[in-house]
2 protein chains.
Amino acid sequence: MKQKDHEAEYRIMEAAKIVFHKRGYFGARMQEIADEAGINKAMLHYYFRSKKNLFEAVFQEALGKVFGKIMSSFSKAGNFEDKLSSFVDSYIDLLISDPYIPAFVIHEINHNPEGIKNFLNEKTQVNPQLLIELINNEIKNNNLKDIDPFQIIMTIISSAIFPFIGKPILSHIFNIDEELFIELMNERKKIIPEIIMNGIRK
Amino acid sequence: MKQKDHEAEYRIMEAAKIVFHKRGYFGARMQEIADEAGINKAMLHYYFRSKKNLFEAVFQEALGKVFGKIMSSFSKAGNFEDKLSSFVDSYIDLLISDPYIPAFVIHEINHNPEGIKNFLNEKTQVNPQLLIELINNEIKNNNLKDIDPFQIIMTIISSAIFPFIGKPILSHIFNIDEELFIELMNERKKIIPEIIMNGIRK
DNA sequence: GTCTATATAGGGATAGAC
DNA sequence: GTCTATCCCTATATAGAC
C-alpha cells in the first residue's frame, strides 16, 4: 500500500535500535521490534533477511558512533589540554544523546570478541599510536609527568564513558534522577580535564 | 550414585558462573551449563528449580563481590590518600581475579533495573553519604579543592573499573595480551591514586 | 509491499526408570 | 541422586493470499 520508499526500513531500524539496546541480541524479540515499529513481524524479514542481519546493522551503526569521534578531537589544533577538553566535551555530548551505546557495544563485543576485529580494522580508524606519540612528546618537552601514555588515555576514556555504563546503579545509589544526571555529566566536561591535567602536569 | 553431598551443586554453580558471565542470561543455555559441569541437564532442574533460580544465585554472588569491598577501604584508618590507595589496590585485585564480574553485573542491571533495588537495599550496605562527608571534610580543611564529591568518586570508580569492562576492545586496539593486561592493571594501583590526588589536592 | 497463517527448530522443563 | 526420553511453548522464519 504505502510507497513511502525507505520509510518502513527507517522505522524498523529505529525500533530495532531501541529494542536491541534495551534487551541485547538474545533478549530481543522480533515481535517487540515489529510492535515498536508499528508494523508486521513479517516485514522485518522482508527488509532484513534475519534477526542476525538486522542486529548487525544496528550494531555497526553503534560501533561507528563510539569509535568515530575518538581520534578527531585529538588531531585538532591547540595544546594537549585543549585537545583533551575538546575530546571530553564532544564525547560526553555524544553519550548524552545516545546513552545506551557504550553498554550495548561492550556487552556484544564481550560476547563475540572475534566479531570486532573485522570491523575495527576496516571501517574505523582507531590508531592509538598517534595519541601515544602526542603524549610522549609532551613528556619529553617537560609538560607532563613521565607516566605511561596508556594509563593516561585509559583514565581519560574511563572517566568519560563509565558513568553512562553504570548509570542505573549509580543513579540508584546516589539518588540521581534523569535531569540531574545530565547536569552532572555536563559538569564533567569541565571537571575531567581539570582533574586529569592537574594530575599529570609537571 | 555419588553421595558427595554438595559436590554436584558446587560444580553446577561454578559452571553456571562461567556460562552466564560469558553469555548473559538470555544467551546462556542450560545444556551448555550442564556440559560445563560435566553432568546431565536434568540435574540442573533437580538442584535449582529453574534457569531463573540458577541465574539469581550467580547474579547475587557477583553483586556481593562488586559492592562488598567498596565501603570497607574507605572506613579504614589513615588520611584520604591512604584510603583511596587502599580502595584502588584491593578493588583492582578483586577485578584481576574476577574480571568478568563488572560487565556481567552492569549488563544484567541495565536489562532489569528494578531487580537491583531489592538487593542493594537489603544485603549490601552501600551508603555513599559517609564517603561524601569524608571528602567534604577534606575540602573544608583545605586539603582538597572544592570539587563536587560525586565527581571525585565517579572518577575514582571509573578509572578502576572501566578497563576491565572494555578489556576486549582495549586489548585489541592497544595490542595487549593477557599477561601485559594484568601487569598494566597492577601498575594502575599506583597510578590512579597518583593522578587523582594530584588532580584534586589543594 | 503488507498481511495472516503456518512450518520448524530450539530450549526449558518434567516424567519416570533405575 | 542420576539418567533418558519427551513434552510443550516460544520465537524465528517462510508461504502464499491480497
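Quantities reported herein were computed from a predicted structural model and do not represent experimental measurements. Naming: A, B, ... by sequence-line order, numbering from 1 per chain.
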Original post:
Rounded to the nearest Å, what distance is computed from the CG atom of residue N40(A) to the C1' atom of nucleotide dT2(C)?
Top reply: 7 Å
**OP:** Please state whether the phosphate of dT2(C), meaning OP1 or OP2, lies under 4.0 angstrom from any side-chain nitrogen or oxygen of Y47(A).
**Re:** yes
Subject >> Partner residues of F20(B) under the ring pair (Phe, Tyr, Trp, His ring centres under 6.0 Å) criterion, sequence neighbours left out >> reply: F55(B)
Original post:
When the distance from CE of M43(B) to P of dA5(D) is rounded to whole Å, what number comes out?
Top reply: 17 Å
Original post:
Roughly how many Å is it from CZ in F48(A) to P in dT14(D), rounded to a whole number?
Top reply: 15 Å
Original post:
With no hydrogens and no angle check, do the side chains of E194(B) and N198(B) hold a donor and an acceptor under 3.5 Å apart?
Top reply: no
Subject >> Residue list, salt bridge (Lys or Arg N to Asp or Glu O under 4.0 Å) with E183(A), at least two apart or on another chain >> reply: none
Subject >> Residue list, side-chain hydrogen bond (donor to acceptor under 3.5 Å, both in side chains) with K41(B), at least two apart or on another chain >> reply: none
Subject >> K65(B): side-chain hydrogen bond (donor to acceptor under 3.5 Å, both in side chains) partners, not counting sequence neighbours >> reply: D98(B)
Original post:
Roughly how many Å is it from CD in E32(A) to P in dT12(D), rounded to a whole number?
Top reply: 10 Å
**OP:** Starting at atom CG of D35(A), determine the distance to atom C1' of dA11(D), rounded to an integer number of angstrom.
**Re:** 13 Å
Subject >> Nearest-angstrom distance from the residue atom CD1 of I39(B) to P of dT4(D) >> reply: 12 Å
Original post:
Can you list the residues that meet the ring pair (Phe, Tyr, Trp, His ring centres under 6.0 Å) rule with F48(B), with sequence neighbours excluded?
Top reply: none
**OP:** Output the single nucleotide from dT4(D), dG1(C), dT2(D) whose closest atom is nearest the side chain of A8(B).
**Re:** dT2(D)
Original post:
Using a cut-off of 4.0 Å between protein heavy atoms and nucleotide atoms, how would you tag nucleotides 11-18 of chain C 5' to 3' with B, S and -?
Top reply: SBBB----
Original post:
Starting at CZ of R23(A) and ending at C1' of dT12(D), how long is that distance when rounded to a whole Å?
Top reply: 17 Å
**OP:** Starting at atom CG of N53(A), determine the distance to atom P of dT12(D), rounded to an integer number of angstrom.
**Re:** 14 Å
